[in-house]
Amino acid sequence: MTPPKLIILDRDGVINHDSDAFIKSADEWQVIAGSAQAIARLNQAGYTVVVATNQSGVARKLFPMTTLNAIHQKMHATVEQVGGLIDAVFFCPHSADDNCDCRKPKPGMLQEIASRYNVSLKGVHCVGDSLRDLQSGFVMGCIPNLVLTGKGQGTMNKGGLPPGTQIHSDLAAMVDALLNAEAAAD
Ligand SMILES: O=P(O)(O)OC[C@@H](O)[C@H]1O[C@@H](OP(=O)(O)O)[C@@H](O)[C@@H](O)[C@@H]1O
Ligand SMILES: [Mg+2]
Ligand SMILES: [Zn+2]
């Protein structure tokens, strides 16, 4: 069964630079060079691109929902400026103490994506910089991709990655690898 042409991206550390102090404003949100263009290349290759992101900064009262919305408005605009489209953003605003079902590594957000798009995520690529991103995808049958931007280098060094995890320097390199593999299979 050919997987749907859908790809699930983590946000902080994959699309934009991350910070141990959290990304607390639109000004602090800075795109990683090449990531917006990589999303546009995925779209041009027929992929629907969605984001699944933990945003415990909301529960921690580091920023309100209005600020999270402004950050995502900037993210959408940055991608659209280079001809790309992020189709939907799924976020978990809770803290670990809330024990919710949607905070990665739990698969709640990905289950929501599967149901919203009415697809199985088996064989769908997920891309993250933290182990929890890969774990939440792996339990849903996704192909895990670790990028070494954001927290990715530390994640790789810690090990314990899900079986079959593919490692890439950044999102642009992951997209190169995906599209080259597709071209080779044609
Ligand atoms: O990488 P995604 O999921 O898009 O977003 C991660 C952010 O929400 C923040 O997640 C926090 O983790 P805790 O929520 O404190 O465990 C920390 O890792 C922060 O550095 C990071 O900015
Ligand atoms: Mg991240
Ligand atoms: Zn949650």
Side-chain angles (χ1 to χ4, degrees), residues 7-36 38-39 49-76 78-79 86-116 121 125-140 142 144-158 160-162 165-175:
I7 187 161
I8 302 167
L9 306 181
D10 173 54
R11 193 194 87 185
D12 297 336
V14 174
I15 300 174
N16 57 281
H17 293 286
D18 197 2
S19 160
D20 288 342
F22 292 68
I23 303 301
K24 302 181 293 301
S25 69
D27 283 351
E28 289 182 6
W29 189 93
Q30 295 299 321
V31 71
I32 290 172
S35 285
I39 291 170
V49 176
V50 298
V51 171
T53 178
N54 282 356
Q55 289 302 323
S56 70
V58 176
R60 296 165 183 270
K61 305 224 180 309
L62 296 177
F63 48 86
M65 269 308 301
T66 47
T67 297
L68 186 62
N69 291 335
I71 291 170
H72 289 161
Q73 221 169 350
K74 181 177 180 182
M75 177 172 71
H76 284 298
T78 301
V79 170
I86 291 172
D87 199 63
V89 178
F90 297 78
F91 63 89
C92 163
H94 307 112
S95 71
D97 297 344
D98 292 330
N99 200 24
C100 67
D101 292 332
C102 49
R103 178 179 161 84
K104 296 177 285 187
K106 290 183 184 173
M109 283 192 278
L110 274 66
Q111 288 164 340
E112 172 70 16
I113 291 168
S115 126
R116 183 85 66 85
L121 297 186
H125 285 269
C126 67
V127 187
D129 67 317
S130 298
L131 180 60
R132 65 193 187 192
D133 306 326
L134 309 180
Q135 291 169 326
S136 68
F138 185 72
V139 297
M140 294 295 291
C142 291
N145 292 268
L146 175 65
V147 290
L148 299 181
T149 46
K151 296 183 168 64
Q153 191 68 51
T155 301
M156 182 178 73
N157 296 341
K158 271 192 216 122
L161 302 178
T165 295
Q166 299 175 15
I167 299 178
H168 312 275
S169 53
D170 57 16
L171 179 59
M174 184 271 163
V175 171

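Counting starts at 1 for both ligands and their atoms, in listed order. FYI, the numbering just counts along the sequence from 1. Quick caveat: nothing in here was measured; it's all calculated off a predicted structure.
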Close-contact set for ligand 1 against Lys104 heavy atoms, below 4.0 Å: 3 (O)
Top protein contact for atom 8 (O) of ligand 1, by heavy-atom distance: Asn54 O, 2.5 Å
Out of Gln55, Arg132, Lys151, indicate the one that has the non-hydrogen atom closest to atom 10 (O) of ligand 1. Arg132
Nearest heavy atom to atom 2 (P) of ligand 1: which of Asp10, Asp20, Asp133 does it belong to? Asp10
Counting distance only, does the side-chain N/O of Asn145 pair as donor-acceptor with the main-chain N or O of Cys126 below 3.5 Å? yes
Judged by atom type as modelled, is there a donor-acceptor pair below 3.5 Å linking the side chain of Lys104 to the main-chain atoms of Ala52? yes
Atom of Asp129 nearest the Mg ion (ligand 2) (restricted to N/O/S, atom name only): OD1
Verify side chain to side chain donor-acceptor pair (under 3.5 Å) between Lys106 and Asn99, making sure each step is shown before the conclusion. CA-CA 10 Å; Lys106 290 183 184 173; Asn99 200 24; 3.0 Å; yes
Measure the distance from atom 22 (O) of ligand 1 to every protein heavy atom, then report the residue, atom name and distance (to 0.1 Å) of the closest one. Asp18 OD1, 2.6 Å
Which option out of Leu62, Val89, Thr53 puts a heavy atom nearest to atom 4 (O) of ligand 1? Thr53
Looking at the Mg ion (ligand 2), is one of the N, O or S atoms of Asp12 less than 2.8 Å from it? yes
What's the shortest distance from atom 14 (O) of ligand 1 to any protein heavy atom, and which residue and atom give it? Ser56 OG, 2.6 Å
Do NZ/NE/NH1/NH2 and the carboxylate oxygens of Lys151 and Asp12 come within less than 4.0 Å? no
Of all protein heavy atoms, the one nearest atom 7 (C) of ligand 1 is Asp12 OD2, 3.3 Å
Could a heavy atom of Ser19 be found less than 4.0 Å from some atom of ligand 1? yes
When you check the space around the Zn ion (ligand 3), which protein N, O or S atoms turn up under 2.8 Å? Cys92 SG, His94 ND1, Cys100 SG, Cys102 SG
Looking only at protein heavy atoms, what sits closest to atom 15 (O) of ligand 1 is Arg60 NH2, 2.7 Å
Is there a donor-acceptor pair closer than 3.5 Å between any side-chain N or O of Thr67 and the backbone N or O of Ser25? no
Considering only non-hydrogen protein atoms, determine which one is nearest to atom 13 (P) of ligand 1 and report residue, atom name and distance to 0.1 Å. Arg103 NH2, 3.5 Å
Kindly confirm whether the Mg ion (ligand 2) is within less than 2.8 Å of some N/O/S atom in Asp18? no
